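In what follows, every heavy atom counts, from backbone to side chain, and hydrogens, waters and symmetry copies are set aside. Protein chains get the first letters and strands the later ones, always in sequence-line order, with residue 1 at the start of each. No experiment lies behind these values; they were computed from the predicted model shown.
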Amino acid sequence: MRMSSYFLPTLKETPSEAQIVSHRLMLRAGMIRQTSAGIYAWLPLGWKVLQKVSQIVREEQDRAGAQELLMPTIQSADLWKQSGRYEAYGKEMLRITDRHDREMLFGPTNEEMITDIFKTFVKSYKDLPRNLYHIQWKFRDEVRPRFGVMRGREFLMKDNYSFDLDAEGARLSYRKMFLAYLRTFARMGIKAIPMRADTGPIGGDLSHEFIILADTGESQVFCDKAWLDMDVLADNPDANGDLKDFFAKYTGIYAATEEMHDAEKAPADLVTARGIEVGHIFYFGTKYSAPMGAVVTGPDGQPVTVEMGSYGIGVSRVVAALIEASHDDAGIIWPDQVAPFKVALINLKADDEACRSTCDGLYARLQEAGVDVIYDDRNERPGAKFADMDLIGIPWQLTIGPRGLKAGTVELKRRATGEKLELPLEEALAKVTA
RNA sequence: CGGAGUGUAGCUCAGCCUGGUAGAGCGCUGCUUUCGGGAGGCAGAGGCCGGAGGUUCGAAUCCUCUCACUCCGACCA
């Protein structure tokens, strides 16, 4: 992408409404634009990151055997009356009526709808288990939206729902998602720690919140220091096995939110930190399948009410949480896996023939190599270019200027460490395409 | 939902108390001088002062209503 034609409205000054660093940086980096309280438009750069995050979520869901579909944002109130939640959900649910005065709502979650779809088509135990997910916009009419997309009213969420014949199967489905979630966040370059959670009004007896540690987190959390060295990608348990040992290992290490924290059970090596909830998984049995009649015929010919679980990742919130966990005074520091672009190609002197032709050539070669590159070909001053690239957090900055060209080198800077190397062009190219 | 605020240029804000031709910095456009971490100069564009009523010869400014947004708290499957 050439920066001269990219819609990237970066700001030098911080808009006054932004209180937390991720909100400030998302506004300054031209990622989002607020359109109403708690409602945001995602501009090209923000949308690109949101899609990268979504894609990792998607790949790990697929790997865990879940299947993607897409349910609508607008739902009929009838389904919610069946489950009893139409009244119970309260004012957080945005209720609307259509031209025929039919009661509708903008979905805050999809348990009712997925259960309805499931029960329509699945009639036999032979078709179990099933795990279905979608990545769709949700709306919860928060009393007081704040912190940008961290606590917005409209947000992008991955939610999925598992259906099993019995509790044993449901617990296996739960463990599979537990692994998928650990892998998902690990692949994004962040550490999300599962913490035993209160199941709350949704019911059920097994639930974990996935919490990212960040100084600016919204709640206090406690965990064993051992968590900091856990590496689920290195552990790589067999996703097709029963996952019992893996689950025991990872739930055996102390981690608790403030509500669940018990000082007496806490280990000596306790880390106290702030945390941001980015995912939440539940096993809730027949809470929805019973009232809504999600019943299959069992092996003995008798009806069985299916056992369900639901699993959510706040995809848009993850984007903000990543920034909370990874930034400095100059701006965002994207982990490589979710960065909107891998390489920033900076032409320091746009009207210099040698610089321009070298950059154009490099740009073409990077594109051919399949590297996601943003090319600053603008006729701006060097300082502005460096500042913009630091702000939007591109992992590698490849700087071409007249001084270096004369010496036969280019500058390669790593955003995360600030480390700068003067390298021959081919060497730098090899490094960023590796 | 309680409490406190704010709406003036794209952004950050001044002007309001004490009514009298709409302001600054940054950004934007052109020229110029520059050019390795958001330089300088000159010239310019850009506003129904959130909206509606009222008071007044005259309202960004005073009064009433209204809408939007922000912050603190409570809330947050």
Side-chain angles (χ1 to χ4, degrees), chain A residues 9-20 23-24 27-28 30 33-40 80 83-85 88-93 107-112 138-148 150-153 155 157 159 161 197-204 207-209 218-219 257-259 276-277 279-284 287-288 308-312 314 317 329-331 344 346-352 355 376 378-392 397-407 409-411 413 415 418 420 422:
Chain A
T10 58
L11 302 173
K12 230 169 136 175
E13 288 175 281
T14 303
S16 56
E17 74 269 16
Q19 298 302 302
I20 62 168
H23 191 194
R24 283 201 296 269
L27 289 168
R28 286 195 54 212
R33 163 79 181 176
Q34 181 172 342
T35 60
S36 297
I39 303 178
Y40 292 83
W80 288 69
S83 73
R85 279 209 293 183
Y89 213 91
K91 292 184 124 178
E92 235 184 55
M93 184 153 72
T109 178
N110 284 65
E111 279 85 1
E112 282 79 0
K138 304 292 189 292
F139 195 94
R140 293 181 191 173
D141 199 359
E142 298 275 351
V143 195
R144 194 184 155 209
R146 68 189 106 169
F147 305 148
M150 187 77 83
R151 182 87 183 274
R153 292 195 292 172
F155 56 96
M157 181 172 171
D159 45 318
Y161 307 91
D198 188 0
T199 51
I202 203 166
S207 174
H208 286 87
E209 290 177 10
E218 57 203 334
S219 56
T257 58
E258 198 164 20
E259 302 81 54
I276 301 166
E277 181 189 341
H280 203 157
I281 60 179
F282 292 91
Y283 161 52
F284 48 66
K287 181 176 165 69
Y288 297 96
M308 292 177 60
S310 80
Y311 317 87
R317 172 182 276 197
D329 289 345
I346 301 173
N347 181 354
L348 267 194
K349 198 165 164 63
D351 54 5
D352 180 276
C355 287
D376 195 345
R378 299 174 302 169
N379 193 16
E380 290 288 338
R381 296 173 52 78
K385 299 189 177 194
F386 291 131
D388 268 338
M389 287 307 183
D390 282 350
L391 176 62
I392 68 174
Q397 287 176 15
L398 192 52
T399 301
I400 282 75
R403 205 170 69 192
L405 284 188
K406 209 165 287 178
T409 61
V410 297
E411 180 189 289
K413 174 179 150 183
R415 174 69 178 91
K420 293 179 197 169
E422 297 285 339

request  = Assign Met157(A) to base, sugar-phosphate, or nothing according to its heavy-atom contacts below 4.0 angstrom with the strands shown.
outcome  = base

task = Tell me what Glu411(A) touches on the nucleic acid: a base, only sugar-phosphate, or nothing, going by heavy atoms under 4.0 Å.
result = base

query = Quick one: do the Glu422(A) and Thr409(A) side chains pair a donor with an acceptor below 3.5 Å?
reply = yes

query = Has the side chain of Arg140(A) got a donor or acceptor that lies under 3.5 Å from a partner of the other kind on the base of A77(B)?
reply = yes

query = Between C76(B) atom P and Phe155(A) atom CZ, what is the distance in whole Å?
reply = 15 Å

List, with names and distances, any nitrogen or oxygen atoms from the protein found under 3.5 Å away from nitrogen or oxygen atoms belonging to nucleotides 73-75 of chain B.
{"from": "A74(B)", "atom 1": "N6", "to": "Arg146(A)", "atom 2": "NH2", "distance (Å)": "3.1"}
{"from": "C75(B)", "atom 1": "N3", "to": "Arg151(A)", "atom 2": "NH2", "distance (Å)": "3.4"}
{"from": "C75(B)", "atom 1": "N4", "to": "Arg146(A)", "atom 2": "NH2", "distance (Å)": "3.2"}

remark   = Separation of G37(B) atom C1' from Met389(A) atom CE, nearest Å, is 14 Å

query = At under 4.0 Å between heavy atoms, what does Arg153(A) touch on the DNA or RNA strands: base, sugar-phosphate, or nothing?
reply = nothing

task = With sequence neighbours left out, write down each residue that passes salt bridge (charged side-chain N to carboxylate O under 4.0 Å, His left out) with Glu218(A), or none if nothing qualifies.
result = Arg317(A)

Side-chain donor-acceptor pairs under 3.5 Å in residues 378-390 of chain A, sequence neighbours left out?
{"from": "Arg378(A)", "atom 1": "NE", "to": "Asp376(A)", "atom 2": "OD1", "distance (Å)": "2.9"}
{"from": "Arg378(A)", "atom 1": "NH1", "to": "Asp388(A)", "atom 2": "OD2", "distance (Å)": "3.4"}
{"from": "Arg378(A)", "atom 1": "NH2", "to": "Asp376(A)", "atom 2": "OD2", "distance (Å)": "3.0"}
{"from": "Arg378(A)", "atom 1": "NH2", "to": "Asp388(A)", "atom 2": "OD2", "distance (Å)": "3.1"}
{"from": "Lys385(A)", "atom 1": "NZ", "to": "Asn347(A)", "atom 2": "O", "distance (Å)": "2.6"}
{"from": "Lys385(A)", "atom 1": "NZ", "to": "Arg378(A)", "atom 2": "O", "distance (Å)": "2.5"}
{"from": "Asp388(A)", "atom 1": "OD1", "to": "Thr10(A)", "atom 2": "OG1", "distance (Å)": "3.0"}
{"from": "Asp390(A)", "atom 1": "OD1", "to": "Gln397(A)", "atom 2": "NE2", "distance (Å)": "2.6"}
{"from": "Asp390(A)", "atom 1": "OD1", "to": "Lys413(A)", "atom 2": "NZ", "distance (Å)": "3.0"}
{"from": "Asp390(A)", "atom 1": "OD2", "to": "Lys413(A)", "atom 2": "NZ", "distance (Å)": "3.3"}

ask   = What do the steps show when you test Glu111(A) against Lys287(A) for side chain to side chain contact (heavy atoms under 4.5 Å, CB included), and what is the final call?
value = CA-CA 10 Å; Glu111(A) 279 85 1; Lys287(A) 181 176 165 69; over 6 Å; no

Distances under 3.5 Å between protein N/O atoms and the N/O atoms of nucleotides 40-46 of chain B, please, pair by pair.
none

Taking only nitrogen or oxygen atoms into account, show me every contact under 3.5 Å that the protein makes with nucleotides 23-31 of chain B, one pair per line with its distance.
{"from": "G25(B)", "atom 1": "N2", "to": "Glu13(A)", "atom 2": "OE1", "distance (Å)": "3.1"}

Can you give me the N/O atom pairs linking the protein to nucleotides 13-15 of chain B at distances under 3.5 Å, or say none if there are none?
none

